[in-house]
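This one's a predicted model, so the numbers in the text were calculated from it and none came from an experiment. Every number for a ligand or one of its atoms is a count from 1 in the order of the listing.
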Amino acid sequence: MATRSQELAVADGEFAFTWSDFRQIAQLVHSEAGIVLAESKVHLVYSRLAKRLRAIGLRNFREYCALVTSADGADERQLMIAAMTTNVTRFFREPHHFEYLRDHIFPSLLGGARRGGRVRVWSAGCSSGEEAYSIGISILELLPEAAGLDVRILASDIDTEMLRRGSEGQYEKRQIEDVPAEMRRKWFVPVIGNKSVFEVSTELHSLVRFRELNLLNQWPMAGRFDIIFCRNVMIYFDDKTQNETWKRFSEVLVPGGLLCIGHSERISAASQPYDLIGQTIYRLRRGAQ
Ligand SMILES: C[S@@+](CC[C@H](N)C(=O)[O-])C[C@H]1O[C@@H](n2cnc3c(N)ncnc32)[C@H](O)[C@@H]1O
């Protein structure tokens, strides 16, 4: 009799996919990227990775597992992780964060930049750049000369294809519909020869630096951040990884720095050095570092 490991996890699939294959893939995605794949995600895993099997001409998931767990499989491992990430994002998603910054934080922070101060914001898990550019637009609205000052936004992600798109800075007309019309006119320009595509302005583009960074690995940056956005990334991680990452953010924030998280994420104030000061907005507790 077949054990559960040898049983097919997806019946009638084009490629044989056993529970053992599923477990190997789930373990690898968890150890490499922190993402938890519950058994209920088995069909999603199958359909996203079946495309990879087709693309590289493998016959079943056993062969795929052998490839991604081998020393030669680094490139495919990266493509597998990218296939497993959820990249949904929008301009000015969860608008209360941008409103809070505009009303309570940016006036004095950007006033400091005008006098020669340094301002750093991190969009951690930036996907295709909409979050980082929304921060950039919010800054430029109050400080149009920001690109010529010491003001920068780091936009990082594990998914290099998303970073390529962000860095390119071109969006379909429907993707920029969430940007208020007035701001759209100021900070986007139509791409010549394609009326349905818009490109971020030179000023906006120059505020943002896109970098590949796996939140589970070392963080190479030297300076601290005034504000970190890490929204709708931790929901895919287990509790332990979430708690470790919230803690690591506190170590790279300036004293009193802010951390904005996604609508369904929470930080336990009892175990973390933050105070909740607004809707999913946390401030690094004074004296915490
Ligand atoms: C749902 S998107 C969130 C985008 C944006 N922050 C927002 O809220 O609209 C989640 C992003 O987290 C990235 N991600 C997942 N695991 C990651 C990891 N270990 N390190 C860095 N980025 C990761 C994914 O590639 C994806 O682009």
Are Q272 and Y282 close enough that a side-chain donor and a side-chain acceptor fall under 3.5 Å?
no

Using a strict cut-off of under 4.0 Å between a residue heavy atom and any atom of ligand 1, list the qualifying protein residues by chain and number.
A33, I35, T85, T86, N87, V88, T89, R93, G125, S127, E131, D157, I158, D159, L213, N214, L215, R231, N232, V233, F237

I'd like to know whether CZ of R62 has more than 12 heavy-atom contacts from other residues, nucleotides or ligands below 6.0 angstrom.
no

Centroid separation under 6.0 Å, is that true for the rings of Y133 and F92?
no

Run the ring pair (Phe, Tyr, Trp, His ring centres under 6.0 Å) test on W187 and F91 for me, step by step, so that the C-alpha distance in whole Å, both residues' side-chain angles and the decisive distance to 0.1 Å come before the verdict.
CA-CA 13 Å; W187 309 115; F91 282 98; over 10 Å; no

Which pairs pass salt bridge (charged side-chain N to carboxylate O under 4.0 Å, His left out) with one or both residues in residues 138-155, sequence neighbours excluded?
R114-E145, R120-D150, E141-K186

Whether R93 and E131 form a salt bridge (side-chain N of Lys/Arg under 4.0 Å from carboxylate O of Asp/Glu) is what I want to check.
no

